[in-house]
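Just so it is clear, the model here is predicted, and its values are computed rather than measured. Below, chains carry the letters A, B, ... as their sequence lines are ordered, and counting in each starts from 1.
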Amino acid sequence: MKWLFRVVLLVTFGWAAWAMWPNESRRIRRGIEQLSAAISFSPRDGNIARLASIEATMSHFTKDAEIQVDTAGFAARTLSGEEEIREIVALSRRADDGIQVEVFDIVVTLGPGPDEASAALTATARSGGTELVAAQEFVFRMRKVDRRWRIQRIQAVRTLQK
Amino acid sequence: MSDAEPRPVPWWQVILLGRNPKVTAIRLLITVALVVFGWKFLFVPIRVTGPSMLPNFQNGQRRYLNRLAYVGAEPQRGDVVAIKTSGMHNLFMKRIIALPGERVRIVQGMVLVNGEPLDEPYVPKRQPWNWPTDRAEWRLGADEYLFIGDNRTMPMKDHEFGVQRRDRIAGKVRL
């Protein structure tokens, strides 16, 4: 039984090391998942919680961040800079039914610079916890600022080109 | 010394665990592994969301995705397929309308492939779509397909359709 104990111990230590010292790709993935959690809010959330979620969302962006959205059913739009993004995030907090954003299939590519990376992902948004409102592919361009990965640019990608 | 008689297995144990619980456990594990493998990699269960494949596929219906359909076979015009996004979690369900190398355009809702009108019995009603908007016609690349949903009663700007490479086809949707 000694060998079994050693194997269990080794696996436990390996898992702990993997969880405690994530590599850059996992840091980025975790950051994007935290962003989706920050954007999401429930209709039961009070004003303070909604305000806090705006700040939590903005903490994931660089000051010169840019968001390009061009999806079916919505007008193409580009948001430039922290203020414009903050304005839209604040506006979204007024949705009566709340918003639930989830991200899936995050594919991280590090580079070209040491503090640069990009992440392809699919995000879904639901309102009122029921029907799927939208599913959209995005490419996030990330930059490491103050030892933390932040979003410099979000670009919506059309899965089908037309 | 005489061989002891094997203890009779209680009937409830035979029903619940079989005559040999170890063999039953192994069989169960193999079955679960095969089902999980099959559902993950061969016949993936999917749920239809949204109106773009109406009236042939309703919102909320459950279907299966045959991931092996195009192993050794080419996707065919009229096939209903699932198209990957950045992964397999969210898929677009569309019909293949035009094949690699073909010239295609939509005039007043009618699809023209290489200049010939396409017979589309799966589209009962259609809006007068005109596509492409920036050129006379779209010539598909050597590895490209045109995918459109069956619901052409939607305004064109609200209907997600277009061109994508073959490697984005996740599989064929089973009716």
Side-chain angles (χ1 to χ4, degrees), chain A residues 25-26 28-33 35-37 40 68-77 100-110 117-142 151 153-162, chain B residues 46-53 58-60 81-98 104-106 111 129-135 137-141 143-149 151 154-170:
Chain A
S25 297
R26 281 188 53 229
I28 291 170
R29 234 175 258 130
R30 194 181 288 173
I32 292 169
E33 282 160 2
L35 169 70
S36 76
S40 303
Q68 286 190 342
V69 182
D70 179 17
T71 59
F74 296 93
R77 186 163 183 194
Q100 290 80 45
V101 176
E102 285 182 281
V103 289
F104 304 100
D105 303 322
I106 305 170
V107 182
V108 176
T109 309
L110 296 172
S118 67
L121 60 102
T122 306
T124 62
R126 284 183 169 79
S127 191
T130 51
E131 279 295 299
L132 187 71
V133 176
Q136 178 69 48
E137 258 190 276
F138 291 98
V139 172
F140 285 20
R141 200 169 71 199
M142 317 286 297
I151 299 159
R153 188 164 183 242
I154 294 179
Q155 186 165 18
V157 176
R158 288 204 168 208
T159 305
L160 299 171
Q161 306 295 321
K162 67 176 178 181
Chain B
I46 55 171
R47 191 167 65 87
V48 181
T49 309
S52 86
M53 286 301 284
Q58 312 288 328
N59 187 28
V81 297
I83 303 144
K84 285 186 259 186
T85 51
S86 63
M88 284 289 292
H89 199 277
N90 278 279
L91 303 163
F92 280 95
M93 187 175 161
K94 303 285 168 192
R95 197 179 289 274
I96 296 177
I97 299 300
V104 60
R105 63 184 175 134
I106 303 173
V111 177
W129 294 6
N130 290 296
W131 179 86
T133 50
D134 59 345
R135 64 191 97 167
E137 58 184 6
W138 192 299
R139 183 184 282 274
L140 295 168
D143 194 29
E144 290 180 338
Y145 294 80
L146 173 67
F147 305 94
I148 310 182
N151 185 1
M154 295 170 72
M156 192 177 81
K157 68 176 176 58
D158 296 339
H159 190 110
E160 196 77 57
F161 74 94
V163 175
Q164 190 47 272
R165 295 187 316 270
R166 185 191 161 156
D167 62 3
R168 284 286 195 116
I169 299 176

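Of the two parts of B/Met88, only the backbone, made up of N, CA, C and O, holds a non-hydrogen atom closer than 4.5 Å to a non-hydrogen atom of chain A. Using a 4.5 Å cut-off between heavy atoms, B/Lys84 contacts chain A through its backbone alone, with no side-chain atom that close.
Remark: A/Arg77 pairs with no residue by the side chain to side chain donor-acceptor pair (under 3.5 Å) rule, at least two apart or across chains. Under the salt bridge (Lys or Arg N to Asp or Glu O under 4.0 Å) criterion, A/Glu33 pairs with no residue, sequence neighbours left out.
Contact detail for B/Ser86 and A/Val107: the closest heavy-atom pair is O-CG2, 3.9 Å.
Using a 4.5 Å heavy-atom cutoff, the side chains of A/Leu160 and B/Val163 are not in contact.
With no hydrogens or angles considered, no side-chain donor-acceptor pair links B/Thr85 and A/Thr159 at under 3.5 Å.
One distance of note links CZ of A/Arg158 with CZ of B/Phe161; it measures 9.5 Å at 0.5 Å rounding.
Salt-bridge check for B/Glu144 with A/Lys162: failed, with every basic side-chain N at 4.0 Å or more from each acidic carboxylate O.
The backbone N or O of B/His89 sits less than 3.5 Å from a side-chain atom of A/Asp105, completing a donor-acceptor pair.
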